[in-house]
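One structure is given here, and the rest of the page talks about it.
Values in this document were obtained by computation on a predicted structure and should not be read as measured data.
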Amino acid sequence: MFHRLLQLGTLLVSTSLLSAEHWAFQPLKPGKQQSIDEFIQKKLAKHGLQASPRADARTLARRASFDLTGLPPERTDVPYEPFVDQLLASPHYGEQWARHWLDVARYSDTKGYVYAREEKNWVHATPYRDWVVRALNEDMPYDRFLLLQIAADQVVQPKSPDLVAMGFLTLGRRFLGVTHDIIDDRIDVVTRGTLGLTVACARCHDHKFDPIPTRDYYALYGVFQSSAEALVPATGAENAELTALVKKNRDLMTKRREEQMTRTRSRAADYSKAVTELEKYPEQGFDQIIDEKDLNPFIVHRFVAWLEKHPGVGLSEERLKQPDSPAFVPNEHIANIEMYFPTGVTTELWKSQGDVDRFLIKTSTAPTYATVLVDRPLPSTPRVFTRGNPLTKGAEVPRQFLSLFGNQTPFTKGSGRLELAQAIIDPRNPLTARVMVNRIWQHHFGRGLVSTPSDFGKQGSPPSHPELLDWLATEFIRSGWSIKHMHRLIMLSEAYRRTSFPTRSDGLENPSYVPHRLSFEEARDAWLAAAGRLSPRLGGRPEPLFAASNTRRTLYAFVDRENLPAVMRTFDFANPDLSIPQRTETTVPQQALFGLNHPFLVQQAKALVKRVSTEKTPEGRIGLLYRFLFQRSPKADELASALAFVSVDAKPVLAENEHAKAWQHGFGEWDEKTGRVKIFTPLPHFTGHAWQGDEDWPNAKLGWAQLTAEGGHPGNNRQHAVVRRWIAPADGRYDLRSTLIHEPKVGDGIRAFVSHSRLGKLLGTKLHGSKADLSLTSIAFQKGDMLDFIVDIDIGLNSDQFLWSPQLSASSGGDTASEVWDVKKDFTASPKTTLTSWEQLAQVLMLSNEFMFVD
């Protein structure tokens with residue numbers, strides 16, 4: 001039956017691709033060989049090449065374990081084929097392969113830059129990530145996997161857990177609410193992610209290389225333009241507090257919609273006149289502030305569109321109440337309809353929606369909600385934007401699939417999103433299976449048969465083994481779109497089991513495993529696993545990457561697309577703004593510096609040494625170090641070198657600036673009555689350049705409170721002023737030199753104080769977009785007296801960052817240079833940690849190439 005279907009597909013597609021001769025647009029043409037190795041052996045023989053020898057058991061076990069689970073193997077002496085099945089059955093398989101898909105899906109826990117009125121975190125990021133893990137662990141057929149991510153709202157029941165799959169479409173950047181860019185992002189992630197086609201290149205002109213006209217882009221644009229975001233429950237569970245918040249939000253939206261529709265109908269004559277003065281009402285004025293008394297430019301252009309569609313028809317009061325009238329405000333999420341309202345109302349509605357969103361994000365017992373797309377009752381017919389400019393609209397185009405697959409029938413079911421999904425997963429579509437099996441091959445061998453995994457067009461690379469690619473795609477469909485079947489097929493082949501040394505320098509004629517550095521997630525997880533600290537818990541809310549309590553897999557670290565941790569960028573983490581088909585692999589000094597200096601590595605080295613301390617002899621402890629890190633025993637020379645190293649336990653001398661010990665960095669509340677800080681509490685977390693509440697900044701406990709070498713930012717209220725404290729090292733008189741700067745002109749500025757632990761308040765000021773000299777001479781100190789430099793907000797929290805780096809020096813009374821305590825030079829994380837020789841050995845081994853690379 002399958003082969004008959006494939007033959008039918010070949011006939012249908014081949015007759016429609018006369019104008020699209022590129023290999024990727026042709027029907028699947030699997031060769032006659034019946035295994036991966038037959039295809040490869042045929043090509044090797046053609047070029048007179050010999051296959052690489054088989055890898056040893058330990059190498060193969062590490063390779064398979066990292067490939068399938070992202071973790072090192074616990075044992076390497078097990079039979080290979082049962083071991084592969086064991087790995088595929090592991091719950092950690094879904095975690096590892098979910099990360100590959102999340103790169104393609106441009107996953108992030110946040111929206112990127114948004115207006116302050118909007119909640120910046122996504123409500124549905126965690127459920128989507130966990131759904132992907134679960135779907136892969138269950139070996140959900142890939143066609144079903146895609147169908148749910150594009151059109152779950154139309155194929156599952158209300159409140160189904162599968163609704164969260166639509167995060168694939170809705171987790172992209174917010175683009176400050178610019179609809180055209182949001183839709184472009186969705187077109188790009190769908191077409192590059194599933195078809196390997198750069199359709200978004202046709203936004204402004206016909207594709208320069210592939211048979212994708214601009215009309216095709218806007219045909220898909222209409223699909224997503226006819227779909228609206230909606231926040232819906234993905235479970236039958238309920239919460240009374242949430243129900244009340246949802247009702248309050250819905251009631252407010254209903255009220256404001258009715259008011260806006262009434263307001264528009266009452267000024268229909270003014271709007272009708274405005275269509276003759278369009279130069280006064282720019283359609284793309286996203287930064288405009290609209291008052292209730294103003295004519296709304298967005299509504300003006302809705303009148304234009306309606307009158308163009310209904311020439312000669314009058315807008316009676318009755319017509320203005322119809323759902324297709326320019327005065328009608330759809331009953332949708334505020335993200336879809338904010339442009340209908342005056343600015344003040346929009347802010348109010350976002351605040352109300354934010355109350356719902358924050359409850360879902362912060363309440364551990366809240367039921368799961370999904371942000372989905374739903375079809376609008378009245379789908380729109382798109383028009384081509386000439387040169388991509390929405391102000392210069394061209395001809396109408398029907399919503400339909402890509403014309404390179406032949407003459408298309410316009411979509412008829414609502415927006416057409418379900419029909420789009422069905423066209424993508426149709427077995428007769430030659431691209432979908434090719435693209436996915438190439439992604440699977442890429443993550444097993446280090447490179448795809450097509451080296452441009454999200455571009456199968458003419459600008460992409462041709463396949464190194466086209467018959468093999470088509471055979472794999474055919475086998476993928478025949479297996480019922482089983483991803484795990486493809487893993488077995490690839491991993492049980494001789495090609496996968498060979499050593500990682502291709503017989504040709506280009507590696508294309510003799511596919512074999514490419515040695516690669518562990519990804520950042522794999523490295524961090526492997527460090528935790530070696531130290532015996534890795535938490536096996538699956539799913540749940542994200543945590544700050546380096547929070548002291550976070551020993552979970554890196555998959556569950558918080559991903560902020562606006563403020564991605566520097567270490568993730570250093571180790572080539574996927575840019576969450578874009579669909580990323582393959583990560584770059586760089587080797588830069590910052591990676592080694594992270595391993596040598598970051599507290600996280602120090603903690604794991606200490607934990608690993610503690611873990612091996614159960615062995616009584618040094619030889620036994622070194623043996624365990626090698627087993628936990630490399631899954632092997634040390635060689636004789638390695639053991640001898642390690643024993644010699646740990647036999648000398650001289651503690652390293654740290655050249656730490658003694659002046660740094662005089663400074664402390666914390667927070668507290670300014671007491672007007674006493675002229676002092678009520679309670680000084682040290683800031684608990686040092687990032688390497690700033691003291692703050694946690695790795696996440698701002699964070700839930702201390703908000704924006706932060707101190708750096710040059711200044712900082714006060715906390716969100718006056719109870720959380722930031723306090724820099726200097727402790728006098730000896731009796732005497734000291735001079736203070738300092739300038740406080742507050743640069744922003746927005747907000748209402750900051751308050752600042754200088755306070756002596758015995759003498760009380762010495763200086764105080766308010767600053768707003770200005771600077772002040774806060775210097776004093778000959779201040780009397782007794783040893784241990786404290787001088788506090790305090791900054792808090794004035795009235796409101798808005799742009800309160802400041803620069804203030806005090807210097808204190810002993811009053812010399814002459815020309816003799818005096819000792820200086822300069823916070824900018826003295827700023828450091830204190831106290832520094834020393835490592836024993838055992839801990840140094842563990843850290844060095846954790847950073848070795850053997851640990852960091854998979855062969």
Side-chain angles (χ1 to χ4, degrees), residues 55-66 69-78 83 92 499-500 515-536 551 553-554 587 591-654 832-855:
D56 62 82
R58 172 188 163 272
T59 297
L60 202 51
R62 272 179 59 86
R63 181 186 297 179
S65 187
F66 274 109
T69 68
L71 296 171
E74 294 182 2
R75 297 179 57 187
T76 61
D77 58 348
V78 294
F83 182 58
H92 299 306
T499 59
S500 57
H516 69 276
R517 195 197 68 228
L518 297 179
S519 69
F520 175 70
E521 298 96 309
E522 290 169 339
R524 180 181 173 276
D525 295 350
W527 283 322
L528 285 166
R533 301 184 66 230
L534 182 65
S535 168
T551 61
R553 294 199 66 171
T554 314
T587 301
Q591 295 164 356
L593 291 171
F594 167 81
L596 290 170
N597 299 313
H598 199 281
F600 175 79
L601 260 296
V602 172
Q603 293 163 8
Q604 308 326 310
K606 287 177 173 289
L608 176 55
V609 170
K610 185 177 180 180
R611 187 183 183 195
V612 304
S613 64
T614 55
E615 282 288 330
K616 295 181 180 180
T617 65
E619 292 85 354
R621 290 196 288 275
I622 292 169
L624 278 183
L625 282 178
Y626 271 75
R627 188 181 120 200
F628 291 146
L629 292 171
F630 309 130
Q631 294 78 53
R632 67 174 176 86
S633 298
K635 299 174 184 176
D637 59 339
E638 293 170 332
L639 179 60
S641 296
L643 285 170
F645 184 83
V646 298
S647 64
V648 180
D649 196 12
K651 293 187 176 179
V653 177
L654 296 176
K832 291 191 173 180
T833 302
T834 60
L835 297 180
T836 66
S837 57
W838 278 98
E839 290 162 351
Q840 290 178 58
L841 174 64
Q843 186 179 20
V844 168
L845 294 177
M846 292 171 105
L847 299 176
S848 65
N849 279 353
E850 184 175 357
F851 181 87
M852 291 296 295
F853 282 79
V854 180
D855 191 350

*Can a salt bridge be assigned to the pair Glu615 and Arg621 using a cut-off of 4.0 Å between side-chain N and carboxylate O?*
no
*asked:* Using every non-hydrogen atom in the two residues, find where Ala842 and Leu629 come nearest and quote the distance to one decimal.
replied: O-CD1, 4.4 Å
_With a 6.0 Å cut-off (strictly less than), is the heavy-atom count around CZ of Arg627, excluding the residue itself, greater than 12?_
no
*Under the side chain to side chain donor-acceptor pair (under 3.5 Å) criterion, do Gln604 and Arg533 qualify, and how do the steps go?*
CA-CA 8 Å; Gln604 308 326 310; Arg533 301 184 66 230; 2.9 Å; yes
*Of all heavy-atom pairs between Arg58 and Asp56, which one has the smallest distance, and what is that distance?*
N-OD1, 3.1 Å
*Search all heavy atoms of Pro73 against all heavy atoms of Ser65 and return the closest pair with its distance.*
N-OG, 3.4 Å
*Mark yes or no for whether Arg553, through its side chain, and Glu521, through its backbone, hold a donor-acceptor pair below 3.5 Å.*
no
*asked:* Distance check, rounded to the nearest 0.5 Å: Glu638 atom CD versus Ile622 atom CD1?
replied: 10.5 Å
_Atom of Phe66, atom of Glu522 and distance for their closest heavy-atom approach_ = O-OE2, 3.9 Å
_Distance (rounded to the nearest 0.5 Å) between Asp77 CG and Gln631 CD_ = 11.5 Å
*Output the distance between atom CH2 (Trp527) and atom OG1 (Thr554), rounded to the nearest 0.5 Å.*
9.5 Å
*Considering all heavy atoms of both residues, which atom of Phe853 and which atom of Arg62 are nearest to each other, and what is their separation?*
O-NH2, 3.4 Å
*What's the shortest heavy-atom distance between Gln843 and Leu835, and which atoms?*
OE1-CD1, 3.1 Å
*Got a second to check how far Leu643's CG is from Leu841's CG, nearest 0.5 Å?*
9.5 Å
*How many angstroms lie between OH in Tyr626 and CG in Leu639, if you round to the nearest 0.5 Å?*
8.0 Å
*Taking the side chain from Arg63 and the backbone from Asp855, do they hold a donor-acceptor pair closer than 3.5 Å?*
yes
*Measure up the His598 and Phe594 rings against each other and bin them: parallel (under 30°), tilted (30 to 60°), perpendicular (over 60°).*
tilted
*Does a side-chain N-to-carboxylate-O contact under 4.0 Å join Asp637 and Lys635?*
no
